[in-house]
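Structure first, commentary second.
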Amino acid sequence: MEYFIIFLPLLGSILSGFFGSKIGHRNSEILTSSFVSVSSILSLVIFYSVITSGYENNLHLATWVNSGSLNVNWSIKIDALSSVMLVVVTFISSLVHIYSIGYMSHDPHKPRFMAYLSLFTFAMLTLVTSDNFLQLFFGWEGVGVCSYFLIGFWFKKDTANAAAIKAFIVNRVGDFGLALGIFLIFYLCGSINYNEVFNSIPKLDQNNINFLGFDLNPISLICILLFIGAMGKSAQFFLHTWLPDAMEGPTPVSALIHAATMVTAGVFLVVRCSPIFEFSPLALSIVTIVGMTTALFAASVAMVQNDIKKIIAYSTCSQLGYMFFAAGVGAYNVAMFHLFTHAFFKALLFLGAGSVIHAFKDEQDISLMGGARKKLPYTYILMIVGTLALTGFPLLSGFYSKDAIIEFAFLSGTSLGYFASTIGIFTAFLTSIYSWRLVFKTFHGTFNNKNISLNELHESPLVMLIPLFILSLGAIFSGIAFKDLLIGTESSVQFWKSSIYFIEPLSSDHPPLWFLLLTPTLVTLSIPISFYMFVKNKQVPEYLASSNEPLYTFLKNKWYFDELYDFLLVRPSKKIGHYFWKKVDGSIIDKFGPDGISNIIKKISFKAVKFQSGFIYQYAFIMLLGFSIILTILIIN
Amino acid sequence: MNFPILSSLILLPIVGALFIFFINSDKNNKSTKYVSLFISLANLLLSLYLWLVFNKDTSNFQFVENREWLGIINYKVGIDGISILFVILTTFITPLCILSVNSTIKYRLKEFLISILVMESLMIGVFCSLDLVIFYLFFEGGLIPMFLIIGIWGGERRVYSAFKFFLYTLLGSVLMLVAIITIYWVTGTTDVVELYSIGIPKELQNILWLAFFSSFAVKTPMWPVHTWLPDAHVEAPTAGSVLLAAILLKMAGYGFIRFSLGLFPIASEYFIPFVYTLSIVAIIYTSLVALMQEDMKKLIAYSSVAHMGFVTLGIFTMTQQGIEGSIFQMISHGLVSAALFLCVGVVYERKHTRLIKDYGGLVSEMPKYAIVFMVFTLGAVGLPGTTGFIGEFLILMGTFKKSFIAAILASIGVILSAAYMLWLYRRVVFGRLNNANLKGILDLNKSETLILWILAVPTVFFGFYPEPLFGTIETSVSEFLIQYNVNINLYVTEK
């Protein structure tokens, strides 16, 4: 069964990618979608057996790399953690496949698109079911390259190509950290298979090792390096710049890769490595700090963006930040729970946004929308559901997971925990404002678009709406249905078992009542506030923007990260490259190397030629001279 | 003695070349091509048979032939796990090279094919020789056909490039010759196997090591003696570039393992920081230079220097992962760079320009080309699932054991390789078809498709399942390292 889950998407991808033109567009769509759907049903079966009977399995398919003491297999590891990921990945993926049939209906390269989606699914599945770090790395870069293909899917668009490359390279920076982390693990533990590594970590020599002049605890160092990888993939602060640009890709891609699955790989990594992170308080603090910074930063930027997809992208960034700080305070299961619920409502929001963009004929600027709710009633309702879930409106999924994160941060009892929970509450408020801003500016108010009239707007076809509807069920019920299973007080013993490691069991206390009520109140209050600001009295945001001009431009330009990196990294690299090429290679090495030597030889031989003048008296003179010198020397001696 | 399989491998192409030499070529250009293709395929089959009967469980040299020759020097050949893969790489790439020869070679096709076949003989000879003098003859002999290929069938600045190539490589080799003579004086033999057991006196090792190094460093090429490579590649015809990148560069990497490490362990240990520095400079420096290239072939040439920087880095880690990774990386680079040069050749043949800015949007007209080019781009980037990844990853893993800082700096090269390769691909293949000249450019024809896919399949297959290759080299490399460490300890205790 495990084989089918993993290899059906690959098979679909190969069939659709290589034989798409032979079997027909429609057939390749049906084929890939149904393969992934079967895979998702099987994943549910596995998930069910994990819940009911604690099913675990570790299959070895073949040897991969076998070099000296390094032995790595292709493997499928099923435990509680990977079964949750399996469900999330295959379930969202199958819905996105189906949705794409409608969304991409006018595209001439449908089979290729479906092939990429399926290939991505395969890579993601190898990532989550790996039993070693190398296969993890395979999946890690595999999803990266699929993301590269899909962002740049519309290859004629220059911006899309640029975004695709940027995504790949920024991710590579993260991968660089991850790879170094893996090297260090191999260096210290002598293996990169999870079981052996996790067993040897507690016994590891705790003596500091010198790393680039810093004395660091080896375990902390491993964690920090691994976390750099996670930051790249999950678009955390400093390495987040690729994610908003990645919105150049088709919207289903954004939903699948840049919201529900790939970007959560970083969170998965940290949770998977909980047996390592648990031994490093330092690394956990770093994870918390980076997580909460990202959560706040991304939310602040999302407040002022006008591109509908970029707002949701920043929101994703921010929510990933939440997951990290949950992991950072040791509540790995809560991080996973938020990952789980987030997949539903964020995919829902993205696909809903796709439906809006589809209706507006590829317009993405929300200031050029408005009043669309009458023409797009279903999309409107579904988007409202997604927004409520995201903002954490009581009883919807986000309420359970996000509030749990804030509570656990509060309960961790450290000053960092208190601080994180404060930031968490404030960010929840911001989240709510920008999310409602999006909804109100798109669906309420007056119609602002000049290129297309209101009457031309039409609701998306059923093939797109049905996946949205299914996702909305997830967005509503996934919280209440799974909260006891995933984050209940007994969850670590009953469900997660050995897949998540806690040194100290999570606190089962409850925070004070006022604290519990604070977030939901803020979230609920923000709805009328945003309604007033963005529909009733539009002067308010304009006044706020103009009175805080510097702050506004700072946020609008996304804290100037792109410009900073361009200035610090991109341009110097190009300049140095050019300098090395022209000056060092051309003017120094060649000039003094081959060209120089051949010139010298030329000159010397040119001079040597002069000796051979052909005049007897010159030769005779030289002979005489030489003869007399030799004679003189002999006499002196 | 059994059937002399190695000598047959070495001699078959030369005999074939002689045969072609006597064919009347004026009318039958096609037939010369088929004959040489047939010969090289026969050689490939022979080498695959060799792989089949090769005993993977021993590190001893196999299929050894030892004939008296020139009194003091013996013709001694043999292979072990370290060399066999290079032999197969050579016999694998040569038929593809011959197959790729087409209308770009406008004159003297017969002589061109002869050069390629002679080259094949010499290269196989390099990887099989077990005698320093024999090795030297093959090693330097390889210069001549390459020199001719660049100088006769090259582009506009072919003479400059050919001489630059010759000058550089010869200067290095002269020192190696002196070193070989010195070794003979001191030990009385040039037999590699004997030398392994005798050992080279400690006080001589450093100087001899440097002499060998000067030759290998030029051929690798290592920074800063790499500037001949871009010029040679740019001017060489496609088949020449392929041979140069895929096989010629590997001679030096092989030489480092077999001779520098094998004969001079103390010196190798002593010069580790030196080699690391040069390798890392090569990786970062040439990656940055590659980023700025305007000529596709030059870009790939510079990337070759960077990739070979990983190889030298890996070899001098003296770890199992590092050396196996280096061998793997060389095989991988042989496949990927060969294919990349062929990819450039495909469009060059159609539009007669190599400048990146003259292209763009090829995917609309050449979808098949776009796919294979992407496969090899990803191979060069070192994506997991291609051979490039396994090589680089193992090398870095080995390096990490020796030096954190070296591994970190080299890893930056991995980031840069993604930048320059993907940027190249984007500018050539993606985007809009703006250049009106490119309208109607033909997609891959049958033989091009065949060649490129033949290269693509092992690139991906061994990326997922490298066990056949590792299985072949493992015993030899681990024994080699054990011997290496024994030698080091021996010298230390003597002191």
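Quick note on labels: first sequence line is chain A, next is B, and so on, each numbered from 1.
- Between atom NZ of residue B:Lys368 and atom CH2 of residue B:Trp453 there is a gap of 11.0 Å, rounded to the nearest 0.5 Å.
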Before giving the answer on side chain to side chain donor-acceptor pair (under 3.5 Å), spell out for A:Ser69 and B:Gln320 the whole-Å C-alpha distance, their side-chain angles and the decisive distance to 0.1 Å.
-> CA-CA 8 Å; A:Ser69 52; B:Gln320 180 114 9; over 6 Å; no
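- The aromatic rings of B:Phe430 and A:Phe155 sit parallel, their planes meeting at an angle under 30°, below the 60° perpendicular limit.
- Among B:Phe393, B:Tyr465, B:Trp423, B:Phe470, the residue with the largest count of heavy-atom pairs under 4.5 Å with chain A is B:Phe393.
- Surrounding CZ of A:Phe18 are at most 12 heavy atoms belonging to other residues, nucleotides or ligands under 6.0 Å away.
- Residues of residues 379-387 of chain B lying under 4.5 angstrom from chain A, judged on non-hydrogen atoms, are B:Val381, B:Gly382, B:Leu383, B:Pro384, B:Gly385 in numerical order.
- For the set B:Thr227, B:Ile390, B:Leu378, the entry with the most heavy-atom pairs within less than 4.5 Å of chain A is B:Thr227.
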List the steps, then state whether side chain to side chain contact (heavy atoms under 4.5 Å, CB included) holds for B:Asp443 with B:Glu365.
-> CA-CA 7 Å; B:Asp443 205 347; B:Glu365 300 282 325; over 6 Å; no
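- With a 4.5 Å cut-off on non-hydrogen atoms, A:Phe168 touches chain B through its side chain but not through its backbone.
- Top candidate by heavy-atom pairs under 4.5 Å with chain A, chosen from B:Leu481, B:Thr319, B:Val363, B:Ile284, is B:Val363.
- Heavy atoms closer than 4.5 Å to chain A are found in both the backbone and the side chain of B:Ile412.
- The contact between B:Lys401 and chain A is made by backbone and side chain atoms together, counting heavy-atom distances below 4.5 Å.
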In sequence, state the C-alpha distance, the side-chain angles, and the governing distance for A:Ser191 and A:Glu196, and then conclude on side chain to side chain donor-acceptor pair (under 3.5 Å).
-> CA-CA 7 Å; A:Ser191 167; A:Glu196 293 154 35; 2.7 Å; yes
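- Checking A:Phe133, A:Trp74, A:Phe137 one by one against A:Trp64, the ring pair (Phe, Tyr, Trp, His ring centres under 6.0 Å) holds for a single residue, A:Trp74.
- Highest contact tally toward chain B, considering only A:Asn66, A:Ile165, A:Asp158, A:Thr63, is held by A:Asn66 [criterion: heavy-atom pairs under 4.5 Å].
- For the ring pair (Phe, Tyr, Trp, His ring centres under 6.0 Å) test with A:Phe113, the passing option among A:Phe149, A:Phe153, A:Trp154 is A:Phe153; the others fail.
- Taking B:Phe328, B:Trp223, B:Trp228, B:Tyr160 one by one and counting their heavy-atom pairs under 4.5 Å with chain A, the maximum is reached by B:Tyr160.
- With respect to chain A, the highest number of heavy-atom pairs below 4.5 Å among B:Leu396, B:Ile371, B:Leu291 belongs to B:Leu396.
- Chain B is approached within less than 4.5 Å, heavy atom to heavy atom, by A:Ile169, A:Arg172, A:Val173, A:Phe176 from residues 169-177 of chain A, ordered by number.
- Between the B:Ser417 side chain and the B:Val414 main chain, a donor and an acceptor come within less than 3.5 Å of each other.
- Contacts of B:Ser411 with chain A are made by both backbone and side-chain atoms, with heavy-atom separations under 4.5 Å.
- B:Leu422 touches chain A through backbone and side chain together, each having a heavy atom under 4.5 Å away.
- Both the backbone and the side chain of B:Phe464 come within contact range of chain A, judged by heavy atoms closer than 4.5 Å.
- For the atom pair CG (A:Leu184) and CD1 (A:Ile219), the distance works out to 10.5 Å, reported to the nearest 0.5 Å.
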Start with the C-alpha distance between A:Thr241 and A:Asp245, add both sets of side-chain angles, then the distance that settles side chain to side chain contact (heavy atoms under 4.5 Å, CB included), and finish with yes or no.
-> CA-CA 7 Å; A:Thr241 55; A:Asp245 287 25; over 6 Å; no
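- Annotation: side chain of B:Ile356 is in contact with side chain of B:Val428 (closest heavy-atom distance under 4.5 Å).
- Only the side chain of B:Glu324 comes within contact range of chain A, with heavy atoms under 4.5 Å apart.
- For a residue to count as touching a neighbouring chain, one of its non-hydrogen atoms must lie under 4.5 Å from one of that chain's; by this rule A:Ala164 does not touch chain B.
- Rounding to the nearest 0.5 Å places OH of B:Tyr420 at 4.5 Å from OG of B:Ser303.
- Taking CD1 from B:Ile331 and OG from B:Ser326, the interatomic distance works out to 11.5 Å, rounded to the nearest 0.5 Å.
- At a threshold of 4.5 Å between non-hydrogen side-chain atoms, the residues A:Phe183 and A:Leu180 count as touching.
- Checked options B:Leu85, B:Ile323, B:Ile82; the residue passing with B:Ile473 is B:Leu85 (criterion: side chain to side chain contact (heavy atoms under 4.5 Å, CB included)).
- With a threshold of 4.5 angstrom between heavy atoms, A:Ile192 approaches chain B through side-chain atoms but not through N, CA, C or O.
- Ring geometry for B:Phe373 versus B:Tyr369: interplanar angle of 30 to 60°, hence tilted.
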